[in-house]
Amino acid sequence: MAEQRTDFTDLVRARRAELGISLRELEARSIYEEDGVSTQAKFGWLSKIENRKPIDTPRKELVLALAAGLSLPENIVKAAVAAQFLDYDPAEDSTVTWSRDLTTRIIVARADEMSEEDRRELADIAEIYARRKAQREGKSDS
């Protein structure tokens, strides 16, 4: 039997530690509201995640509540859920292009938060980096 993945658990534990917040504070921050219906990630569930206790695959609203509580783009949390509960990793999917270090995922996940000007500026930075790298390696970009 294959070892159980812990992508989601690891993400929650690491991000909470990074934020320096307690489970109770994470609970208070983890609220998602849609159409007047509120969903909150409760302390007991969060504790089970962190202590690697069995939980069912979380429903979408709970994932969105947790993404809010962790101050992470929802796609990052959804990807961790998919990896842990569905054994699906976009980094291993040949039809999806991602970097293993998550930087590409983070850029893409944050793209909706950027204005067209912001995205253009980020593209310009990438172009400048590529030209400078080529120059360092003695290659010409012309």
Residues pairing under salt bridge (charged side-chain N to carboxylate O under 4.0 Å, His left out) where one sits in residues 17-32, two or more places apart or in two chains, turn out to be R15-E18, R24-E27
Check whether any side-chain heavy atom of [X] sits under 4.5 Å from a side-chain heavy atom of [Y], and report yes or no.
X	Y	result
L23	R16	yes
D87	Q4	no
L26	L19	no
R59	T39	yes
E74	K60	no

Does [X] belong to the same Ile/Leu/Val/Met/Phe/Trp/Tyr cluster as [Y], with side-chain heavy atoms less than 4.5 Å apart forming each link?
X	Y	result
F85	L62	yes
V77	Y32	no
W45	L72	yes
L64	L11	no

Treating [X] as the side-chain partner and [Y] as the backbone partner, does any N or O pair qualify as donor plus acceptor under 3.5 Å?
X	Y	value
S47	F43	no
D124	E121	no
Q84	F8	yes
R119	M114	yes

Quiz item: Salt bridge check: are E117 and R120 linked by an N-O gap of less than 4.0 Å?
Solution: no
Can you tell me how far [atom2] of [Y] sits from [atom1] of [X], rounded to the nearest 0.5 angstrom?
X	Y	atom1	atom2	answer
L86	R5	CG	CZ	10.0 Å
L70	I76	CG	CD1	11.5 Å
D10	R52	CG	CZ	5.0 Å

Which heavy atom in [X] sits nearest to a heavy atom in [Y], and how many Å separate them?
X	Y	value
A41	L46	O-CD1, 3.7 Å
G69	S30	CA-OG, 3.4 Å
D7	A80	CB-O, 3.8 Å

(message) A quick test of your reading: do over 12 heavy atoms of other residues, nucleotides or ligands sit less than 6.0 Å from CG of N51?
(response) yes
